[in-house]
Chemist: 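Before I ask anything, let me first share the structure, which is written out below as structure tokens.
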Amino acid sequence: MGHLDHAAYGWLTPALSYVMASIGAALGLRCTVRALAATGASRRNWLLAAASTIGTGIWTMHFVAMLGFEVTGTEIHYNVPLTILSLLVAVLVVGAGVFAVGYGKDRRRSLVLGGLTTGLGVASMHYLGMAALRLHGEISYDPLAVALSVAIAVIAATAALWAALNIKSPVAVAVASLVMGAAVSSMHYTGMMAVAVSVSPADTALPGATAMQFIFPLAVGLGSYLFITAAFVALSPTVGEREASDSARHLREPTATAH
């Protein structure tokens, strides 16, 4: 059995992965709150933004954490197509859950369906990402720890969607995002505790790309996307602010006409 180190760089990767998960959750919740207050194409666009930010945040959290994952006796490479597929799965399945909440008529049923769909999507992303690992040896999993990680993912996703439906103030959303970030990180490390590796030393080159060749640049790019989106959301006026601006403009129009 190979010795597994889940934090080869100390607290750097766990802390940074938690920050990325929290940022993705915060943006997703804010976008969902904006969507629920909007109609038509505006609602759709905000829900798309929510899906992309939550999915990107969760994926970035996972692979930033994986930068600190090492196994004694073997290098670790990543299958590039499977890794990209895990990102697409995260965004698409989270999107399905977010849209179920955004357009559902029955809030309670939509919440259950959205939470289950999103949670299973998060878990699928995690284990698809793990399937992308290439190393000299075999990976096995503890079924109970896997089941627990999936349960945490579903509960965390349901709680996040509930927060989007019921919490409106920025401070409350920020607190909910920190809790969501902790829950998603817990899901990741619970899933990693399920992993065991039987190393078979070999001199043959591993297929795929190293973490620094592929994962690190992609994580930096997606992290930049999250920060740019954060600036956009922060600068975009809310429905209430737009209505106030329209009212003020209408009040000024008669005065301008009188002159």
Chemist: Taking the side chain as C-beta and beyond, is there a heavy-atom pair between Y18 and L178 under 4.5 Å?
Modeler: yes

Chemist: Would you say Y103 has more than 12 foreign heavy atoms packed within less than 6.0 Å of its OH?
Modeler: yes

Chemist: Got a sec, which residues hit side-chain contact (heavy atoms from CB on, under 4.5 Å) with S200, two or more places apart in sequence or on another chain?
Modeler: none

Chemist: In sequence, state the C-alpha distance, the side-chain angles, and the governing distance for E138 and V197, and then conclude on side-chain contact (heavy atoms from CB on, under 4.5 Å).
Modeler: CA-CA 6 Å; E138 297 291 333; V197 179; over 6 Å; no

Chemist: Is the centre of the Y141 ring less than 6.0 Å from the centre of the Y127 ring?
Modeler: yes

Chemist: Between S42 (side chain only) and A38 (backbone N and O only), is there a donor and an acceptor less than 3.5 Å apart?
Modeler: no

Chemist: Hydrophobic clusters here meaning ILVMFWY residues chained together by side-chain heavy-atom distances under 4.5 Å, can you tell me if V64 and L27 are in one?
Modeler: no

Chemist: Measuring only between side-chain heavy atoms, which start at C-beta, is T204 closer than 4.5 Å to H136?
Modeler: yes

Chemist: Is S177 close to L29 at the side-chain level, that is, under 4.5 Å between some pair of heavy atoms?
Modeler: yes

Chemist: What are the two closest non-hydrogen atoms of R108 and D106, and how far apart are they?
Modeler: N-OD1, 3.1 Å

Chemist: A25 and M180: which non-hydrogen atoms are nearest, and at how many Å?
Modeler: CB-CG, 3.5 Å

Chemist: Hey, does the side chain of R43 reach the backbone of A37 with a donor-acceptor pair shorter than 3.5 angstrom?
Modeler: no

Chemist: Does a side-chain heavy-atom distance below 4.5 Å link M130 with V195?
Modeler: yes

Chemist: For the residue pair G129 and S86, what are the closest heavy atoms and their distance?
Modeler: N-CB, 4.0 Å

Chemist: Measure across L36 and G102 and return the closest heavy-atom pair with its distance rounded to 0.1 Å.
Modeler: CD2-CA, 4.0 Å

Chemist: Are L47 and L113 in one and the same hydrophobic cluster, where Ile, Leu, Val, Met, Phe, Trp and Tyr link if side-chain heavy atoms are under 4.5 Å apart?
Modeler: no

Chemist: To the nearest 0.5 Å, how far apart are CE in M212 and CG in L67?
Modeler: 5.5 Å

Chemist: With no hydrogens and no angle check, just 3.5 Å: does a side-chain donor-acceptor pair link W46 and T32?
Modeler: no

Chemist: Nearest 0.5 Å, please: how far is OG1 in T229 from CZ in F227?
Modeler: 11.0 Å

Chemist: Would you say the side chain of H6 lies within less than 4.5 Å of the side chain of E70, judging by non-hydrogen atoms?
Modeler: no

Chemist: Is there a donor-acceptor contact under 3.5 Å from the side chain of T118 to the main chain of G115?
Modeler: no

Chemist: Applying the 4.5 Å side-chain criterion to the ILVMFWY set and letting contacts propagate, would L4 and I139 be lumped into a single cluster?
Modeler: yes

Chemist: For W59, run the side chain to side chain contact (heavy atoms under 4.5 Å, CB included) check against I84, L88, L222, V91 and tell me which one passes.
Modeler: L222

Chemist: Side chains of R44 and F99: does their closest heavy-atom pair fall under 4.5 Å?
Modeler: yes

Chemist: So which of T56, T53, I54, T117 actually passes side chain to side chain contact (heavy atoms under 4.5 Å, CB included) with V94?
Modeler: I54

Chemist: Side chains of S149 and Y189: donor-acceptor distance under 3.5 Å anywhere?
Modeler: no

Chemist: Test of understanding: clusters of I, L, V, M, F, W, Y form through side-chain heavy atoms closer than 4.5 Å, transitively. Do W162 and V175 belong to the same one?
Modeler: no

Chemist: Report the residue from T158, V154, L111 that forms a side chain to side chain contact (heavy atoms under 4.5 Å, CB included) with L116.
Modeler: V154

Chemist: Any side-chain to backbone donor/acceptor pair from R134 onto Y78? Under 3.5 Å, distance only.
Modeler: no

Chemist: Could you grab the distance from atom OG of S17 to atom NE2 of H188, nearest 0.5 Å is fine?
Modeler: 6.5 Å

Chemist: Checking side-chain contact (heavy atoms from CB on, under 4.5 Å) for the pair L133/F69: CA distance, chi angles, key distance, verdict?
Modeler: CA-CA 11 Å; L133 264 64; F69 179 66; 3.7 Å; yes

Chemist: Are any of the side-chain heavy atoms of D142 and M193 separated by less than 4.5 Å?
Modeler: no

Chemist: What's in the same ILVMFWY side-chain cluster as L128, cut-off under 4.5 Å, chained through other members?
Modeler: L82, L85, V89, V93

Chemist: Hey, could you give me the CE/NE2 distance between M125 and H62, rounded to the nearest 0.5 Å?
Modeler: 6.0 Å

Chemist: Between I152 and A183, which heavy-atom pair has the shortest distance, and what is it?
Modeler: CG2-O, 3.6 Å

Chemist: Roughly how far, to the nearest 0.5 Å, is the CG atom of N45 from the SG atom of C31?
Modeler: 10.5 Å

Chemist: Side-chain heavy atoms under 4.5 angstrom apart, residues restricted to Ile, Leu, Val, Met, Phe, Trp, Tyr: same cluster for I58 and V146?
Modeler: yes

Chemist: Dump the intermediate steps for side-chain contact (heavy atoms from CB on, under 4.5 Å) on F63 and L87, then the final yes or no.
Modeler: CA-CA 10 Å; F63 281 100; L87 172 60; over 6 Å; no

Chemist: Tell me, do H77 and L135 make a side-chain contact under 4.5 Å, heavy atoms counted?
Modeler: no

Chemist: Does the S185 side chain pair with the main chain of A182, one donor and one acceptor, at a distance under 3.5 Å?
Modeler: no

Chemist: Would you please test I215 and M66 for side-chain contact (heavy atoms from CB on, under 4.5 Å) and show each step?
Modeler: CA-CA 9 Å; I215 300 299; M66 291 303 293; 5.8 Å; no

Chemist: Considering non-hydrogen atoms only, spot the tightest contact between A209 and F214 and give its length.
Modeler: CB-CB, 3.7 Å

